[in-house]
Asker: 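Sharing a structure here in structure tokens format.
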Amino acid sequence: MLPVFVQSCHRCHVTFSLHAVDPVFVSFLQVTMRERLSLWAVFCLLVAFLPSQTVAVMSVDLGSEWMKIAIVKPGVPMEIALNKESRRKTPVAVCLKENERLFGDSALGVAVKNPKVVYRFLQSILGKTADNPQVAQYQKHFPEHQMQRDEKRGTVFFKFSEELQYTPEELLGMILNYSRGLAQDFAEQLIKDAVITVPAYFNQAERRAVLQAAHIAGLKVLQLINDNTAVALNYGVFRRKDINSTAQNIMFYDMGSGSTTATIVTYQTVKTKESGTQPQLQIRGVGFDRTLGGFEMELRLRDHLAKLFNEQKKSKKDVRENLRAMAKLLKEAQRLKTVLSANAEHMAQIEGLMDDIDFKAKVTRSEFEALCEDLFDRVPGPVKEALAAAEMTMDEIDQVILVGGSTRVPRVQDVLLKAVGKEELSKNINADEAAAMGAVYQAAALSKAFKVKPFLVRDAAVFPIQVEFSRETEEEDGVKTMKHNKRILFQRMAPYPQRKVITFNRYMDDFVFYINYGDLGFLSEQDLKVFGSQNLTTVKLSGVGSSFTKHSDAESKGIKAHFNMDESGVLILDRVESVFETIVEEKEEESTLTKTDAEKAEKPEEKSDGEKAEEKEEDKKPKPQKKSKISEDITVELEVNDVLDPSTEDIEVLQDLTDRDLEKQEREKTLNSLEAFIFETQDKLYQDEYLAVVTEEEKEQITGKLSEASNWMDEEGYAAGTKELKEKLSELKKLCKAMFFRVEERKKWPDSLAALDTRAASITSIHPFSFCFLRILTLSVPSWTGRSTTC
């Protein structure tokens, strides 16, 4: 029989055996134990069969200046993940020091003191060659960075030191990995699956660059969703009941830090075979301005503040030549722009701007608007482009909704309201978080771990894509010429995801074709320069001739190229095949009944001349034929013509940096835990509930060890490694374990005794002796007022 041990205090234990108790009470306790053990066994089985993989998913609204992170996990439908500063948005910035990396607000804090080691606003140079105008513009905005040309890819990289250099994709990968860490801390579990937002105007090279950065970060990208589409999805999900078979056309005007986008979206319900009638959003038209945003306004305000400081002539030096001072002015300009959106004037002030000289100057909203007058003139541009792409007029637009932080600038709203000709601009959506929330809803829909109400999304390709090839033709006079052919693969504003097949009919040998962008006449001359190469891929096919030789007796149905524009808007050539068709004659089998009758007949009956003539006619009829398809895979060699993807050789280096960061975080966490344990335990030794369970000898021993550890922390601890800190913490916890156990046991006793009384009362009718025994046992429990009691 299993004995039951009851702990009373630190010096004695009350022990009794079930054999010493009435058999009825023994039976009662045995049943209770069996019930508890059965429940525990069931719990263990449930835990064993729970899925081991994590189910939480995340989204990253990746802006040029800020990123917003959202998660979905069981019990948490959709929630913005807070960062370490408990903020709902995080700066897209990384600081690279010699022995550590800083992200977000911590990186921005360093940017004011040492701007050379802080990298931000990377979105504008992703997937760009070194000669792209936006690369030159970035270098102008951030002259502190040393940017060099990557001869292999034709892109740029940041030279951090003689040994270290990083591409924009690698730096963005670090930031995305940091965003993943924030999401995991908030969700309290590992996360790998993510949906990331990108601007709708991102071309193929830019989208591949983001995917490469996500790969470096260790994220599995469920989808790259256009930020305007994510906003539209968030708007539709929360207004599902308002969507019906009547089309509603809504324009979302999004002005962020780096760019501006206008999007026309049509909402209506449609019937589907899979899930019946469901709401759907369709992107009808998109217009954009890559460089119109709040950051450009802040740069002009920064330069204005620099001019004011120079005019005060407090220093003989030009403040514009001091990178640290200009970083301080940019930070003040960002604050000033926000304040001037709500106030007519404000005082700009910076302590110790340069050479310990303070700066103070008044700036009015009218001055700010004069500085950005040409920018405000560009506000209607995206609206006109979106209407042209959708082939619609403003009369067909039901409402215009503002998105993005820079739409809070009063002058932007005034110019836009005049351009759209509406009574008012709608602000019925969270301008900062709508994209992140829409993207995380899509993440949950794409994940197999969640079931969400269907909401159909028909996104649109902003840039047309076509296939080009040349073929030799012979004219009527016998002269052979090369004819250049173009076939549209995806038209402008074509919906995706979508698969397409293009058939080449007149090739019997290996050939080459090209995948390029289509007509980009709707872009301005400057936009075309920023866009980059209009040639995407050269496709070289081999094995075409051998396939014709192998199937010479079959009829060719052409060379078929299978294309797929996936959910991320990335074009993929799935495969190329050579297709043939042959004719197979089907044999007519006699039925079993006919064969049996024939066997039974001893002599065939003589047929008349008419019947013989009919048999001859039947013999002349063609036998039934069946067409058989033969497919032969063609070898494909792809040559990228826009921007090569980064090599994966440096991923191990980035992993080393991540491991170093994790080690640093683990050490800091252990250090903080050790400090907290020392101070908290020292304080507890003066509390009554702890004094009640320790002797003077134990108290002196624990106090001495804590003081010794505290002195060690002051002298050697801050330079100690993680392992040494963990050992020190483990040693102290082991020393105090018995004390903590006694305190917890004392806290549980009142509830335990009350439960025991309840149990005893319930069995009084069964055997009075059991109740008496339990009461005697209760009375033998030591008093809680003294430090020890003799039992």
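Fair warning: this is a prediction, and the values are worked out from it, not measured in the lab. Along the sequence shown, the residues carry numbers beginning at 1.
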Asker: Tell me every residue that passes side-chain contact (heavy atoms from CB on, under 4.5 Å) with Glu373, counting only those two or more places apart in sequence or in another chain.
Answerer: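 Expected list: Asp377, Arg411.
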Asker: Can you name the side chain to side chain donor-acceptor pair (under 3.5 Å) partners of Glu468, sequence neighbours left out?
Answerer: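 Once residues adjacent in sequence are excluded, the partners of Glu468 under the side chain to side chain donor-acceptor pair (under 3.5 Å) criterion are Gln466, His484, Asn516.
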Asker: Could I get the full list of side-chain contact (heavy atoms from CB on, under 4.5 Å) partners for Asp105, not counting sequence neighbours?
Answerer: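 Only Asn83, Glu85, Arg87, Pro91 meet the side-chain contact (heavy atoms from CB on, under 4.5 Å) criterion with Asp105.
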Asker: How would you list, by chain and number, every residue that makes a side-chain contact (heavy atoms from CB on, under 4.5 Å) with Asp642, sequence neighbours excluded?
Answerer: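 Per chain and number, Asp642 pairs via side-chain contact (heavy atoms from CB on, under 4.5 Å) with Gln204, Ala205, Arg208, Ser533, Leu536, Val640.
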Asker: Residues in side chain to side chain donor-acceptor pair (under 3.5 Å) with Arg290, at least two apart?
Answerer: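 Result, side chain to side chain donor-acceptor pair (under 3.5 Å) vs Arg290: Glu206.
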Asker: Not counting sequence neighbours, which residues clear ring-ring contact (aromatic ring centres under 6.0 Å, His included) with Tyr201? List them please.
Answerer: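 ring-ring contact (aromatic ring centres under 6.0 Å, His included) list for Tyr201, sorted by chain: Phe288.
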Asker: Could you note down all residue pairs passing ring pair (Phe, Tyr, Trp, His ring centres under 6.0 Å) where residues 427-468 supplies at least one of them, sequence neighbours left out?
Answerer: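 Sorted result for residues 427-468: Phe463-Phe531.
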Asker: With sequence neighbours excluded, what pairs up with Phe103 under the ring-ring contact (aromatic ring centres under 6.0 Å, His included) test?
Answerer: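 Counting only residues at least two positions away or on another chain, Phe103 forms a ring-ring contact (aromatic ring centres under 6.0 Å, His included) with Tyr178.
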Asker: Excluding sequence neighbours, so at least two apart, what forms side-chain contact (heavy atoms from CB on, under 4.5 Å) with Asn132?
Answerer: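 Partners of Asn132 by the side-chain contact (heavy atoms from CB on, under 4.5 Å) criterion, ordered by chain and then number, come out as Lys128, Thr129, Gln134, Val135, Val530.
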Asker: List for me each residue that meets ring-ring contact (aromatic ring centres under 6.0 Å, His included) alongside His562, sequence neighbours excluded, and say none if there are none.
Answerer: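 ring-ring contact (aromatic ring centres under 6.0 Å, His included) check on His562 returns nothing, list empty.
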Asker: Which residue pairs pass the side-chain hydrogen bond (donor to acceptor under 3.5 Å, both in side chains) test with at least one member in residues 218-234, sequence neighbours excluded?
Answerer: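 Sorted result for residues 218-234: Arg207-Asn226, Gln223-Gln442, Asn226-Asp459, Asn226-Tyr496, Asn228-Thr263, Thr229-Asp459.
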Asker: For Tyr235, enumerate each residue passing the ring-ring contact (aromatic ring centres under 6.0 Å, His included) test, keeping only those at least two apart in sequence or located in another chain.
Answerer: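 Per chain and number, Tyr235 pairs via ring-ring contact (aromatic ring centres under 6.0 Å, His included) with Phe252, Tyr267.
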Asker: Check the pair Phe376, Val412 against side-chain contact (heavy atoms from CB on, under 4.5 Å), reporting the backbone distance first and the verdict last.
Answerer: CA-CA 6 Å; Phe376 297 136; Val412 171; 3.7 Å; yes
